[in-house]
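So the structure is just underneath, and the comments pick up after that.
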Number of protein chains: 2
Amino acid sequence: MLSKKSQYAFKALAYLAIKYNQGPVLISEIAKKKKIPLKFLENILLELKKAGILDSKKGKGGGYFLNKSPEKVKMATVIRLINGPIAMLPCVSLYFYERCKNCDEKHCGLHDMMLEVRDATLNIVENRTLKDLIV
Amino acid sequence: MLSKKSQYAFKALAYLAIKYNQGPVLISEIAKKKKIPLKFLENILLELKKAGILDSKKGKGGGYFLNKSPEKVKMATVIRLINGPIAMLPCVSLYFYERCKNCDEKHCGLHDMMLEVRDATLNIVENRTLKDLIV
DNA sequence: AAAATAGCCTACCAAGACGATAGACTATTT
DNA sequence: AAATAGTCTATCGTCTTGGTAGGCTATTTT
């Protein structure tokens, strides 16, 4: 399951995607429109900024805005950043890989199955972007 | 990510699948062979029994055993039981559905995308069984 | 320069989930 | 009766999650 934080992140990003190229948007505006706790949203947006997805401007007329066009931000990137691994097991994760203890990956039915699941999932989230959040 | 509990469950079930129709297997034997904390495994097996996947026998010569043949126990069933929802969002879950607050499911890009992911995942885990764990 | 604006940073907290353990109880077999 | 082996209830420490508080810093306006 995606954490609430991830859901907030996607709501905020969807909002910023709609407002792309229209200048900075206040955290408070996003929080209000998307009904996200303000201070919690601050943390999320800052994290997205540090990852290079968003940028910000301080002072009057400041706020947050997308650092690149919506179709260039992959869903997979955001999920990994805010939610963590996409795979169901560490031993089949690309970005959070960890070797299985007491289990030979070459002969593990669970491993094989979870690898399939991962690929099926990646096939979707690696090929969808913030643009697809706008309907 | 699958919880450690789920991974233990699958290891235990894989072991019992191999020993299908060979009589009851001791918890302690499974715990030792699969390196699972004994008391933790007790809980897991009991849960699987209450769900009808396993059955047990007390006293000498007792132990746990599969209640039906391995190919009749779907992976999806076990995941839902031990790990919880398979979907990434409550609003696209079949067995743990919850309506989205502040979001119209009919016009939500995230919803649509997560529905795709769910279907891709279900397509695998609904069509694989404990039999596929044995390699 | 001062005031106002708005993001940045550090810290903290409550509740719940997770992984694991302890011990007594019950049913079955020898 | 004794031994065996699953069942039940309870507890526990640690980590994660969701959320809050308050001060700091950079920028803009007056």
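Below, chain A is the first sequence line, B the second, and so on; all start at residue 1. If you're wondering where the values come from, they're calculated on a predicted model, not measured in any experiment.
In terms of phosphate contacts, A/Y8 brings a side-chain nitrogen or oxygen within less than 4.0 Å of OP1 or OP2 of D/dG19.
For the pair A/M1 CE and C/dG16 P, the computed distance is 17 Å after rounding to whole Å. Here D/dA5 presents its P atom at 15 Å from CG of B/L41, a figure rounded to the nearest Å. Taking atom NZ of A/K5 as the reference point, atom C1' of D/dG19 lies 12 Å away to the nearest angstrom. Put simply, NZ on B/K4 is 13 Å from P on D/dT16, counting in whole angstrom units. Rounded to an integer number of Å, the gap from B/I82 CD1 to C/dA17 P is 16 Å.
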**Request:** Show the numbers, then the answer: is there a salt bridge (charged side-chain N to carboxylate O under 4.0 Å, His left out) between B/K34 and B/E29?
**Result:** CA-CA 8 Å; B/K34 292 298 185 175; B/E29 180 186 332; over 6 Å; no

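Under 3.5 Å, the side chains of A/S56 and A/K49 contain a donor-acceptor pair of N or O atoms.
The aromatic ring centroids of A/Y20 and A/F65 lie 6.0 Å or more from each other.
Using a 4.0 Å cut-off on heavy atoms, the residues of residues 9-37 of chain B that approach DNA chain D are B/V25, B/L26, B/I27, listed by number. Of all the residues in residues 42-60 of chain A, A/N43, A/K57, A/K58, A/G59, A/K60 reach under 4.0 Å from DNA chain D with at least one non-hydrogen atom.
Between the base of D/dG22 and the side chain of A/K39 there is a donor-acceptor pair shorter than 3.5 Å.
Residues B/K74 and B/V125 have side chains not in contact (no heavy-atom distance under 4.5 Å, counting atoms from C-beta outward). Residues B/M75 and A/L110 meet the side-chain proximity criterion, which asks for heavy atoms closer than 4.5 Å.
Between atom CG of residue A/L66 and atom OH of residue A/Y15 there is a gap of 13.0 Å, rounded to the nearest 0.5 Å.
Put simply, the residue from A/I82, A/L13, A/L16 that forms a side chain to side chain contact (heavy atoms under 4.5 Å, CB included) with A/I53 is A/L13.
Under the 3.5 Å distance criterion, the side-chain polar atoms of A/R118 are matched with a main-chain donor or acceptor of A/V92.
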